[in-house]
Amino acid sequence: NDFFQKCLARMAGLRKLGINALRSNPLIAGYSLTMCYDPLTIGEGVTTAFREPKPGAFDAVFDSFYPLRWCLFAEPVHIYSGDTVTLEAVLANEDQLSPGEYPVRLQVVGPNNLVVFDQNLAVTIPPAIEGEERPFAIPVFKQDVVISGPTGPYRFLADFEKGAAAAGGDIEFNVMTRADMPPVATEVLLWSDDSELEAWLQGEDISVKPFDSGKVPSRSVILVSTPPAGG
């Protein structure tokens, strides 16, 4: 029961991320959300097959379709301290802002409100041009940023300093210091022909050897296989 409840709760965040991708795409002019409840074999609804609201689903949909909304992205979602994360901010604007310049502040905040990135910039909304539609998606920021700090969740934040109030504006990613990783004392049995994975394991000082179908491994050996193409 706990597993399925966690799955239902995770859906709200995934829905927001998916709609972020749609609303930040300047080539998409609209999006129709048609699935209300779960079909028999697919969990894509905002309610269960019993018409019970999923945790956070209604709030996620309300937030995702706010007329003025920040669509934020952080890739990859898990890095080691000192590594680079790509931060991107796109403003979804359905004719909410008057022409002008709006000051914006971008931050990355880690555990205990540690600020590891802080930048101010401006979003310019040009005057309307006769016969032309204003864009629904306005690229604001995209940059590779080195993040250094303690292990824990980090938040990429975006907000107007004055003149506007937008939804969104908060997305989470995770940072881990390498020293916090426990050592792997067990020998790893590599059950695939994956030279890249083998090199990574050796680079992390993890003992590794190829799988031999003629030998039965002990219970202490870890079997590692890579997913198939497209998996």
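Reckoned from all heavy atoms, side chains included, excluding hydrogens, waters and symmetry mates.
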Report task. Determine, stepwise, if the pair V208 / W200 fulfils side-chain contact (heavy atoms from CB on, under 4.5 Å). Result -> CA-CA 10 Å; V208 59; W200 182 87; over 6 Å; no
Query raised in the report: Can V46 and V61 be said to form a side-chain contact (heavy atoms from CB on, under 4.5 Å), step by step?
Result: CA-CA 8 Å; V46 294; V61 171; 3.8 Å; yes
Requested in this report: Report the C-alpha separation of F58 and T47 in whole Å, then their side-chain angles, then the decisive distance to 0.1 Å, and conclude whether the side-chain contact (heavy atoms from CB on, under 4.5 Å) test is met.
Outcome: CA-CA 9 Å; F58 289 178; T47 69; 4.0 Å; yes
**Report entry** Residues R15, I19; criterion side-chain contact (heavy atoms from CB on, under 4.5 Å); working and verdict
**Finding:** CA-CA 6 Å; R15 185 175 292 276; I19 298 179; 4.0 Å; yes
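By the rule that hydrophobic residues join a cluster once side-chain heavy atoms approach within less than 4.5 Å of another member, F173 and V146 end up as members of separate clusters. Using a 4.5 Å cut-off between side-chain heavy atoms of Ile, Leu, Val, Met, Phe, Trp and Tyr, with links allowed through other members, I125 and V90 fall into different hydrophobic clusters. Cluster membership for V108 and I79, using ILVMFWY side-chain heavy atoms within less than 4.5 angstrom, is shared. Cluster annotation: M176 is not connected to I171 through the hydrophobic network of ILVMFWY side chains, with a link wherever side-chain heavy atoms come within less than 4.5 Å. Cluster annotation: V77 and V85 are assigned to distinct hydrophobic clusters (Ile/Leu/Val/Met/Phe/Trp/Tyr, side-chain heavy-atom contacts under 4.5 Å, transitive).
P210 is not listed as a side-chain neighbour of L190, based on a closest heavy-atom distance of 4.5 Å or more. Annotation: side chain of L91 is in contact with side chain of L68 (closest heavy-atom distance under 4.5 Å). The shortest distance between side-chain heavy atoms of Q143 and T86 does not fall below 4.5 Å.
For W70 and F156, the gap between ring centers reaches or exceeds 6.0 Å.
The CG atom of D63 lies 11.0 Å from the CZ atom of F65; values are rounded to the nearest 0.5 Å. To the nearest 0.5 angstrom, S24 atom OG is 14.0 Å from F136 atom CZ.
Judged by distance alone, the side chains of D180 and T151 do bring a donor and an acceptor atom under 3.5 Å apart. Between the side chains of N20 and R69, at least one donor N or O sits under 3.5 Å from an acceptor N or O.
Hydrophobic cluster membership of F50, counting Ile, Leu, Val, Met, Phe, Trp and Tyr whose side-chain heavy atoms lie under 4.5 Å apart directly or via other members: none, as it forms a cluster of its own.
A salt bridge links R178 with E204: the closest approach of a Lys/Arg side-chain nitrogen to an acidic carboxylate oxygen falls below 4.0 angstrom. Under the 4.0 Å criterion applied to side-chain N and carboxylate O atoms, E94 and R23 are assigned as salt-bridge partners.
Screening residues 108-133 for side-chain hydrogen bond (donor to acceptor under 3.5 Å, both in side chains) gives R105-D118, Q107-D118, N120-E161 as the qualifying pairs, with residues at least two apart or on separate chains.
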